[in-house]
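Here's the structure we're looking at; comments come further down.
Quick note on labels: first sequence line is chain A, next is B, and so on, each numbered from 1.
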Amino acid sequence: MKILKLKENRDFRRVYNKGKSYVSPYFVVYINKNRFSDIRLGITVGKKIGNAVKRNRAKRLITAAFSAVLPQILVGYDFVIVARTKILTVKSTEVLSSLVKILKSVGMLENKENEKSSD
RNA sequence: GGAGUCGGUUAGACGGUUGCGGAUAGAAAUAUCUGAGGAAAGUCCGAGCCCCGCAGGGCAGAAUAGCGGCUAACGGCCGCCGAGGGUGACCUUAGGGAAAGUGCAACAGAGAUAUACCGCCGUAAAGCUUGGUUUAUACCUUGAAGUGUUUUGCACUGCCUUUACGGUAAGGGUGGAAAGGCGAGGUAAGAGCUCACCGGUUUCACGGGAACGUCGAAACCCUGUAAACCCUAUUUGGAGCAACGCUGAGUGUGGCUAUACAUUUGCCCGAUGUGCCACGAAAAGCGGCUUGAGUGUUGGGAGCAAUCCCGCAUUGAGAUAGAUGACCGUCCACGACAGAACUCGGCUUAUCGAUCGACUCAAAAA
RNA sequence: CGGGGUGUGGCGCAGUUGGUAGCGCGCGACAUUUGGGAUGUCGAUGCCGCAGGUUCGAACCCUGUCACUCCGA
């Protein structure tokens, strides 16, 4: 399953205005329902983070973490993840566990039994 | 070994699992190959490529500024000359014109591109002085104590003071800079006024391909500033891949007009073209896009060098919200600065280190 | 990709035909008040973003560079 990406500015603005936000030390997640049965992801990395190399690294870390949890995420939602400066100082495993923690508390992850039974 | 100068190379490596962009094969799953830099950065120059209702002239504007070479081109590079710095290796250098003209030179100083305050000298006028002791010499006082004569006087000379007019630029505490410097002659006093020497500029001669150089000759309007205006020489149409082309969609409303508008720094003339401007609606996709002044070469040749020629090998990103990540293992110096966006040549800036080569200085030892 | 602008005391700004760097607010001390505020007097605070150069002399002129910011496509 591939990740569809948000591209247009108006999509981002709709998620910022209508969606709910959840904060971690490394990033902020905005979640909003969409009209499709897809999962769409947008990543925002501002100039505050650093130069082009640092911004690219932040994007890759978020993409890697998101694709790791992708099979368990409920469909039909738009996600926008905004990177914060601290994300450059940690390893990818911490980003992943932090993302899992947030999504689980919100209830966006499917239960693990399906995963186990599939195994 | 110490201190230092210059230049080059490199920019973690290997293996595994799992993901991303591109190409090829395939109906598909998938497989194979390949995938960021020395600066990819800043966007400071120069080009290719490409487009513009032709790009023609003039004025303004802008850029460059020793000479020669290299290059597609350059404001870049190489070599050389001049100037400055360093004991030296070597480094720095916008380095045309001040004798076309204009401007500026604060404070200080008499005076700042010429001046005359003090001083020195000349002329004229006015004033003051020429005393005391002594036979005399001499002594005292004084800025100075002279001469003639008919000797309580008069005249002249000299000294001093003041004023006026003129000469002068030797000297004067300033200043970054005071008519290039210094000595002699000369003069009433002085002065490149004259002369010798030294410096500078220009012209000629000689040497060099040229900048330039010279115990050469002559002339001379000899403060500094042109990164002040300016003058001289050379260059300059503009715009940039969000260029531009194709497909698709759309071609509505309002205003301005031919004495108009456009041709992308301003103005004038010329030339060419015919609508132009604003608002609204809308939608994007594909090409351009990577074989190119390409990359490598302890192969050969030319050249001091930059660089060029020949040969051989090779094809090494092409994304479009924008591709290299994550995890594990081993080793080491424990990994800095940093991400292609049409493409090249330079410049500048950032950078943890590692390593190689050439050379200089000082001291010691052999 | 192209074109501009700014950088000066803690903050906001002046000052650029080159000649000793200023204003307002803020800060400190003193006076005034029973005390505070307001007011008055006095004072401190600057390598004029950084590095070179031109000049006797640079915040100002020139070159390079860094940061911030605006505009157009």
Side-chain angles (χ1 to χ4, degrees):
Chain A
M1 179 172 193
K2 275 203 169 185
I3 308 173
L4 293 177
K5 285 181 175 174
L6 290 180
K7 295 177 182 177
E8 296 294 324
N9 190 23
R10 55 174 184 271
D11 293 335
F12 278 86
R13 257 184 286 161
R14 187 170 56 240
V15 175
Y16 287 143
N17 290 334
K18 295 190 174 177
K20 294 185 175 178
S21 65
Y22 308 96
V23 183
S24 142
Y26 315 124
F27 49 82
V28 184
V29 186
Y30 293 83
I31 302 174
N32 187 39
K33 236 182 192 174
N34 63 20
R35 291 176 293 166
F36 317 102
S37 58
D38 291 323
I39 299 168
R40 300 197 298 177
L41 173 66
I43 302 172
T44 297
V45 182
K47 251 188 181 174
K48 263 191 210 169
I49 302 293
N51 54 33
V53 172
K54 291 172 183 169
R55 292 199 301 270
N56 268 340
R57 176 166 171 79
K59 282 188 254 179
R60 285 168 190 153
L61 285 172
I62 291 168
T63 310
F66 195 81
S67 60
V69 295
L70 184 64
Q72 309 168 28
I73 294 178
L74 294 170
V75 296
Y77 289 91
D78 286 344
F79 295 82
V80 171
I81 303 182
V82 179
R84 307 179 79 180
T85 316
K86 273 190 179 175
I87 198 170
L88 298 170
T89 63
V90 298
K91 291 192 116 186
S92 67
T93 48
E94 279 195 61
V95 178
L96 177 59
S97 63
S98 164
L99 181 66
V100 167
K101 191 179 166 189
I102 284 178
L103 293 181
K104 207 187 281 179
S105 68
V106 178
M108 296 301 297
L109 294 185
E110 294 179 16
N111 50 357
K112 284 185 178 177
E113 294 167 9
N114 292 2
E115 199 181 1
K116 277 183 181 175
S117 62
S118 68
D119 283 344

Span that lies between the P atom of B/G322 and that of B/G285, in whole angstrom: 14 Å

Quote, to the nearest angstrom, the P distance that separates B/C77 from B/C107. 46 Å

From NZ of A/K59 across to P of B/A319 the rounded distance in Å is 17 Å

Applying the Watson-Crick and G-U wobble criteria at under 3.5 Å, what pairs with B/U64? Answer none if nothing qualifies. B/A233

Taking the chi torsion of C/G40, is it syn (within 90° of 0) or anti (everything else)? anti

When rounded to the nearest Å, what value does the distance between P atoms of B/A29 and B/A23 take? 15 Å

Nucleotide opposite B/U17 in a Watson-Crick or G-U pair, distances under 3.5 Å: B/A326

Across all strands shown, which nucleotide pairs with B/A333 by Watson-Crick or G-U wobble geometry, both distances under 3.5 Å? none

With the 90 degree cut-off around zero defining syn, does B/G273 come out syn or anti? anti

How many whole angstroms separate atom CG of A/N51 from atom P of B/G42? 11 Å

Hydrophobic cluster membership, with links at side-chain heavy-atom distances under 4.5 Å among I/L/V/M/F/W/Y: are A/V45 and A/V53 in one? no

Along RNA chain B (nearest heavy atom to each residue), the more 5'-positioned of A/L61 and A/V53: A/L61

If you measure only the distance, is there a donor-acceptor pair under 3.5 Å linking the side chains of A/Y30 and A/T44? no

Closest listed nucleotide, where the reference is the side chain of A/R60 and the choices are B/A323, B/C327, B/A338: B/A323

Across all strands shown, which nucleotide pairs with B/C276 by Watson-Crick or G-U wobble geometry, both distances under 3.5 Å? B/G255

Nearest-angstrom distance from the residue atom CD of A/E94 to P of B/A326: 14 Å

Using the P atom in both, what is the distance from B/G296 to B/G4, to the nearest Å? 36 Å

Go through the steps for A/I49 and A/R57 under the test side-chain contact (heavy atoms from CB on, under 4.5 Å), then give the verdict. CA-CA 10 Å; A/I49 302 293; A/R57 176 166 171 79; over 6 Å; no

Pairwise P distance, B/G183 and B/G208 [rounded to whole Å]: 43 Å

Please measure how far the P atom in B/A211 lies from the corresponding atom in B/U201, and state the result in whole Å. 15 Å

Side-chain contact test, heavy atoms from C-beta onward, threshold under 4.5 Å: evaluate it for A/F27 versus A/I102 and give yes or no. yes

Please determine, for B/A47, whether a Watson-Crick or G-U wobble partner exists with both distances under 3.5 Å, and give it or none. B/U343

What interatomic distance, in whole Å, is found between P of B/G101 and the corresponding atom of B/U223? 13 Å

Closer than 3.5 angstrom, by distance alone: can the side chain of A/N51 be matched with the main-chain N or O of A/K54 as a donor-acceptor pair? yes

What is the distance from CG of A/L88 to C1' of B/A338, rounded to the nearest Å? 14 Å

Nearest-Å distance for atom pair CZ/P, residues A/R55 and B/A338: 12 Å

If we call it a pair only when both distances are under 3.5 Å in a Watson-Crick or G-U wobble match, what pairs with B/U351? none

Classify A/N56 by what it touches in the nucleic acid, base, sugar-phosphate, or nothing, heavy-atom distance under 4.0 Å. base

Close side-chain approach of A/I87 to A/I62, heavy-atom, < 4.5 Å: yes

Complement of C/C42, any strand, by Watson-Crick or G-U distances under 3.5 angstrom: C/G28

With rounding to the nearest 0.5 angstrom, report the CZ to CD1 distance, A/F79 to A/I73. 5.0 Å

Rounded distance (nearest 0.5 Å) linking atom CG of A/D78 with atom NZ of A/K33: 12.0 Å

Without decimals, in angstroms, what is the distance between A/L99 CG and B/A326 P? 16 Å

Quantified in whole Å, what is the C1' atom distance between nucleotide B/A293 and nucleotide B/A73? 10 Å

What's the CD1-P distance between A/I87 and B/A326, to the nearest Å? 11 Å

What form does the base of B/A36 take, syn (within 90° of 0) or anti? syn

So, is B/A114 syn or anti if syn means the angle is within 90° of 0? syn

Scan A/R57 against the nucleic acid and name what it touches under 4.0 Å (heavy atoms): base, sugar-phosphate only, or nothing. sugar-phosphate

Just how far, in rounded Å, is C1' of B/C20 from CD1 of A/I43? 13 Å

Torsion-based syn/anti label for B/G172, 90° from 0 as limit: anti

Just name whichever nucleotide pairs with B/C160, Watson-Crick or G-U, keeping both distances under 3.5 Å, else none. B/G127

Does OP1 or OP2 of B/A326 have a side-chain N or O of A/T93 closer than 4.0 Å? no

